[in-house]
Trainee: 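Dropping a structure here in structure tokens format, bear with me for questions.
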2 protein chains.
Amino acid sequence: MLITKFWHAGDIEMRDGFSIEELKKRLQNSRYKLTHQRQDVLEVFLNSTGEHLSAEEVHRTLRDKGYDIGLATVYRTLELMCSPEMNILQKMEFGEKRARYELKKIEENGHQHHHLICKKCDKVIEFSEDMLEGLEQKIAETCNFNIIDHQVLFYGYCQECAKKLEN
Amino acid sequence: MLITKFWHAGDIEMRDGFSIEELKKRLQNSRYKLTHQRQDVLEVFLNSTGEHLSAEEVHRTLRDKGYDIGLATVYRTLELMCSPEMNILQKMEFGEKRARYELKKIEENGHQHHHLICKKCDKVIEFSEDMLEGLEQKIAETCNFNIIDHQVLFYGYCQECAKKLEN
DNA sequence: GTTGCTGCAAAGCTTTTGCATTAGG
DNA sequence: CCTAATGCAAAAGCTTTGCAGCAAC
């Protein structure tokens, strides 16, 4: 999966704030153990450049590096890191059959970013935009729904594929 | 899956515009055949009250009615009806492993509706809201991306589950 | 009569689970 | 030590596919 990054002007600054130390702290808070497998999985994300990784890709990356880890452990670790308790990874589904994960990056305004997905080549373009400003609260009030997370997906054609389709 | 409907004031009026005649017309335009299986699948959606149906639910509904149809055919039919050519159904993924489908309902303003998904009981609440007004075009221009569809998902806790979690 | 469609069963993929073994605290 | 975590392999789902027979046009 090709990932093209696009940050809207004014929303560029981000903070990840994740490290092995932070992982250790959060694990201890919940009486989980700091295994080397969990460290290894986190490091894959810390070393990746914002890619949306699938469980199998994380597993293969570690195996290729010579680390010995089972796929089941990768799945269990990903789930743990996505839990509200740990809150380290974000799980996403782009309409493929496999799920993808990325570090939970919080922008200054507290919003996640959103995704443009090309229907032809599956390229994922990220964008950051404050259009949801105030909307969450409005929905929460009107629908009596306590929002803790959201995901916005736009489907369409990227520039390259739009050109190809014209021909 | 429990579906609670909520239509924001002012966005209530909708038009479906689907019928067997319409199906026939669209099939013929693309040299597809009007089989009774395809009619039957469409009728399940026409008779349903806005539910988000999975392939297996469509299959079971038809089997229960005494119609004889294979699950593979249901899948093939659903895929066909989701294609841009047919443009009759909308495929959605709510983070379950199975996909769900519903009639492509277009609101007066041309927007689809959006979903609130309870993290605890999986209830899906629909809401309609014009907050994306102008945003699509803005994104299209800034990102050079030709948007043809979108899906907005909010995750959180519905009123009932929020209460239970307090205890 | 052609060509596409269906049904069945098998295969494919991703993800989950049971259980004996290992390792963190 | 004690409990949680791991690895493996098997199972579980959902979805897709190959192919022979059937139905639409």
Trainee: Hey, is B:K25 close enough to B:E21 for a salt bridge, meaning N to O under 4.0 Å?
Mentor: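 Answer for the salt bridge query: no.
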
Trainee: How long is the straight-line distance from CE of A:M81 back to CG of A:L23, given to the nearest 0.5 Å?
Mentor: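 Output value for this atom pair is 5.0 Å.
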
Trainee: With a non-hydrogen cut-off below 4.0 angstrom, is B:R38 in contact with a base, only sugar-phosphate, or nothing?
Mentor: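 Sugar-phosphate only.
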
Trainee: Can you check the A:R98 CZ to D:dT16 P distance for me, whole Å?
Mentor: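 Distance, rounded to whole Å: 14 Å.
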
Trainee: In whole angstrom, give the distance that lies between atom CG of B:L80 and atom C1' of D:dT17.
Mentor: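 Going from B:L80 (CG) to D:dT17 (C1'), I get 17 Å.
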
Trainee: Give a yes or no answer on whether the side chain of B:R26 reaches the backbone of B:M86 with a donor-acceptor pair at less than 3.5 Å.
Mentor: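 The answer is yes, because a donor-acceptor pair under 3.5 Å joins these two groups.
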
Trainee: What are the 5'-most and 3'-most nucleotides of DNA chain C lying under 4.0 Å from any heavy atom of chain A?
Mentor: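 Extent of the interface on DNA chain C: C:dT14 to C:dG25.
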
Trainee: Name the residue closer to the 5' end of DNA chain D, choosing between B:H36 and B:A99 according to the nucleotide with the nearest heavy atom.
Mentor: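 Its nearest nucleotide being more 5', the pick is B:A99.
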
Trainee: Are the side chains of A:L62 and A:E43 in touch, meaning some heavy atoms are under 4.5 Å apart?
Mentor: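 Sidechains of A:E43 and A:L62: no contact.
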
Trainee: Look up atom NE2 in B:H52 and atom CD in B:E57, then write down how far apart they are to the nearest 0.5 Å.
Mentor: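 The NE2 atom of B:H52 sits 11.0 Å away from the CD atom of B:E57.
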
Trainee: Roughly, in whole Å, what's the span from CD in B:E79 to P in D:dT15?
Mentor: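 Taking CD of B:E79 and P of D:dT15, I get 12 Å after rounding.
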
Trainee: I want to confirm an ordering. Mapping B:Q28 and B:A55 to their closest nucleotides on DNA chain D, which one lands closer to the 5' end?
Mentor: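 Closest to the 5' end, via its nearest nucleotide, is B:A55.
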
Trainee: As an exercise, state the distance from CG of A:N146 to CZ of B:F154, rounded to the nearest 0.5 Å.
Mentor: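 Going from CG on A:N146 over to CZ on B:F154, the span is 13.0 Å.
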
Trainee: Enter the distance from B:L53:CG to B:R60:CZ here, rounded to the nearest 0.5 Å.
Mentor: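 Answer rounded to 0.5 Å: 9.5 Å.
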
Trainee: Can you spot which of B:L46, B:D40, B:V44 makes a side chain to side chain contact (heavy atoms under 4.5 Å, CB included) with B:L42?
Mentor: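 Among B:L46, B:D40, B:V44, the one that satisfies the side chain to side chain contact (heavy atoms under 4.5 Å, CB included) with B:L42 is B:L46.
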
Trainee: Atom CD in B:Q90, atom OH in B:Y101: separation rounded to 0.5 Å?
Mentor: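 If we round to the nearest 0.5 Å, B:Q90:CD and B:Y101:OH are 11.0 Å apart.
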
Trainee: Please work out which residues in residues 60-75 of chain A have a non-hydrogen atom less than 4.0 Å from an atom of DNA chain C and list them by number.
Mentor: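 Residues of residues 60-75 of chain A that come under 4.0 Å of DNA chain C are, in numerical order, A:L71, A:A72, A:Y75.
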
Trainee: Would you mind reading off the distance between B:E93 atom CD and D:dT15 atom C1', rounded to a whole angstrom?
Mentor: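 Those two atoms, CD and C1', are 11 Å apart.
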
Trainee: Take atom CD of B:Q37 and atom C1' of D:dG21, then tell me their distance rounded to the nearest Å.
Mentor: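 The answer, rounded to whole Å, is 13 Å.
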
Trainee: Please state how far atom NZ in A:K33 lies from atom P in D:dC2, giving the value in whole angstrom units.
Mentor: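 Taking NZ of A:K33 and P of D:dC2, I get 12 Å after rounding.
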
Trainee: For B:K97 and B:T35, take the nucleotide of DNA chain C holding the closest heavy atom to each; which residue's nucleotide lies nearer the 5' end?
Mentor: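 Of the two residues, B:T35 wins.
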
